[in-house]
Amino acid sequence: MAAAVVVHGPDSEGGRRVVARGRILGTAYNVFDVLSFLEEVGLDPATVRLDDAGLIDWRGGGAWEWAPSSGT
């Protein structure tokens, strides 16, 4: 089963697109932005585990990877 939330790899500015169940929520620039997006879709940020692979699929780096991509 696929994770409900996908956080894509950092773009050239360090932003990471966040998608929940196929709906683009926006671009996050840190984990606090991700938690805010999750709250918007009804999840409690206080109980979300950022390392829960069943919930969040971190692509292009984990929760602490926010360096801009080089575009290569």
Side-chain angles (χ1 to χ4, degrees):
M1 178 180 219
V5 178
V6 176
V7 180
H8 292 270
D11 63 21
S12 63
E13 297 177 2
R16 299 180 74 169
R17 185 176 47 179
V18 180
V19 179
R21 296 180 183 96
R23 178 177 149 221
I24 298 171
L25 302 179
T27 302
Y29 292 90
N30 55 54
V31 294
F32 301 108
D33 290 344
V34 172
L35 292 171
S36 178
F37 287 136
L38 296 181
E39 186 172 28
E40 287 179 23
V41 295
L43 296 172
D44 181 357
T47 62
V48 169
R49 286 187 35 224
L50 295 173
D51 63 349
D52 180 353
L55 175 64
I56 304 173
D57 179 7
W58 294 95
R59 297 184 181 172
W64 308 109
E65 179 64 46
W66 297 92
S69 72
S70 62
T72 57

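Residue numbers run from 1 in the order of the sequence given.
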- Item | V7 with V41, same ILVMFWY side-chain cluster at under 4.5 Å | yes

- Query: side chain to side chain contact (heavy atoms under 4.5 Å, CB included) with P68: which residues, sequence neighbours excluded?
  - Reply: none

- Query: Does V5 belong to the same Ile/Leu/Val/Met/Phe/Trp/Tyr cluster as L50, with side-chain heavy atoms less than 4.5 Å apart forming each link?
  - Reply: yes

- Distance in Å, L55 CG paired with L43 CG, rounded so as to fall on 0.5 Å steps: 6.0 Å

- Quick one: pull up OG in S69 and CZ in R16 and give me the separation to the nearest 0.5 Å. 11.0 Å

- Message: Main chain of A63, side chain of W66: is a donor-acceptor contact present, judged purely on distance under 3.5 Å?
- Response: yes

- Scanning both residues in full, the closest heavy-atom pair of P10 with A67 reads CB-O, 3.1 Å

Under 3.5 Å donor-acceptor pairs involving side-chain atoms of residues 21-30, not counting sequence neighbours:
unit_1 : atom_1 : unit_2 : atom_2 : d
N30    : OD1    : F32    : N      : 3.0
N30    : OD1    : D33    : N      : 2.8

- For residues 50-61, which residue pairs qualify under side chain to side chain donor-acceptor pair (under 3.5 Å), counting only residues two or more places apart or in two chains? R49-D51, D57-R59

- Task: Please check if L35 and V18 belong to a single hydrophobic cluster, counting links between Ile, Leu, Val, Met, Phe, Trp and Tyr side chain heavy atoms closer than 4.5 Å.
- Result: yes

- Hydrophobic cluster identity match, V6 and V31, side-chain contacts under 4.5 Å: no

